[in-house]
Amino acid sequence: MTTILETLRPFGITRCYKGFPLTVYAIHLAVMEEDRLEEITEKIYRETADHFGCKWTAVERNLRTVVSRAWQVNPDLLCRMAGYPLTAAPTASEFIEIIASYIIRSRQTS
């Protein structure tokens, strides 16, 4: 979890955001089992919602807020993490995939 927290910090995404714990947990699920990304609504949004006792739509909405913040604060870093150019802010599911894949790749090279 520390790696996720450190990865989100350069985007200005901190504990002051209501969606922060939801975002961290959703990314954690993707890092632990990358196949979850193939069924993101069921395997990430719904599992996160169940964990926090909210609706999956609330999870997605909070993630969209976090993505917007990340895009405003540091779009260049987000593009570098993605490994391809982004012409607009990614979707919530793309953001989870970008951050999770970045963390997984970082672990493999260290």
Side-chain angles (χ1 to χ4, degrees):
M1 289 285 200
T2 303
T3 304
I4 297 169
L5 302 176
E6 291 170 357
T7 304
L8 294 175
R9 184 160 294 284
F11 297 109
I13 301 167
T14 61
R15 294 179 193 274
C16 67
Y17 279 89
K18 181 179 180 181
F20 182 78
L22 302 171
T23 302
V24 171
Y25 191 78
I27 294 169
H28 170 75
L29 291 175
V31 168
M32 293 292 94
E33 191 178 326
E34 221 175 343
D35 290 346
R36 284 185 169 119
L37 291 165
E38 295 169 12
E39 297 178 66
I40 198 153
T41 299
E42 287 298 318
K43 301 288 184 174
I44 294 181
Y45 295 164
R46 288 191 193 276
E47 285 186 36
T48 301
D50 289 346
H51 182 80
F52 288 96
C54 62
K55 294 181 179 184
W56 74 267
T57 53
V59 172
E60 185 182 29
R61 182 182 63 244
N62 281 292
L63 280 162
R64 285 194 311 263
T65 301
V66 166
V67 171
S68 177
R69 172 72 176 170
W71 186 251
Q72 289 172 350
V73 170
N74 207 338
D76 294 336
L77 177 58
L78 197 51
C79 289
R80 285 195 306 275
M81 286 180 169
Y84 55 88
L86 298 169
T87 57
T91 64
S93 58
E94 288 170 331
F95 181 78
I96 292 171
E97 193 276 331
I98 289 167
I99 301 299
S101 294
Y102 175 80
I103 291 169
I104 292 166
R105 286 192 317 268
S106 295
R107 287 181 179 171
Q108 292 171 346
T109 59
S110 37

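Taking each heavy atom of F95 and A70 in turn, the nearest pair found is CE1-CB, 3.9 Å. Of all the heavy atoms in R105 and M81, the pair that sits closest is NH2-O, 2.6 Å. Residues W56 and A49 share a closest heavy-atom pair of N-CB, 3.5 Å. Here the shortest heavy-atom pairing between L63 and A92 reads CB-CB, 3.8 Å. For P90 against W71, the heavy-atom pair with the smallest separation is CD-CE3, 4.1 Å.
Ion pairing between E47 and R36 holds under the 4.0 Å rule for side-chain N and carboxylate O.
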Quick one: side chains of residues 10-31, donor-acceptor pairs under 3.5 Å with protein atoms, not counting sequence neighbours, listed by atom name and distance.
residue, atom, partner, partner atom, Å
Y17, OH, R69, NE, 3.0
T23, OG1, G19, O, 2.9

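Applying the side chain to side chain donor-acceptor pair (under 3.5 Å) test to residues at least two apart or on different chains, the pairs with a partner in residues 85-100 are T91-S93, T91-E94, E97-S101.
Linking ILVMFWY residues whenever their side-chain heavy atoms come closer than 4.5 Å, directly or via other members, leaves V67 and V73 in distinct clusters.
How far OG1 of T57 is from CZ of R46: 9.0 Å, rounded to the nearest 0.5 Å. Note: T41 OG1 to E60 CD = 6.5 Å, rounded to the nearest 0.5 Å. The OG1 atom of T48 sits 7.0 Å away from atom CD1 of I96, with the distance rounded to the nearest 0.5 Å. The distance from the CG atom of N62 to the OH atom of Y45 is 11.5 Å, given to the nearest 0.5 Å. To the nearest 0.5 Å, the span separating CZ on R80 from CG on L86 amounts to 12.0 Å. For the atom pair CD (E34) and CD1 (I103), the distance works out to 11.0 Å, reported to the nearest 0.5 Å.
With S106 contributing its side chain and Y102 its backbone, the two residues share a donor-acceptor pair below 3.5 Å.
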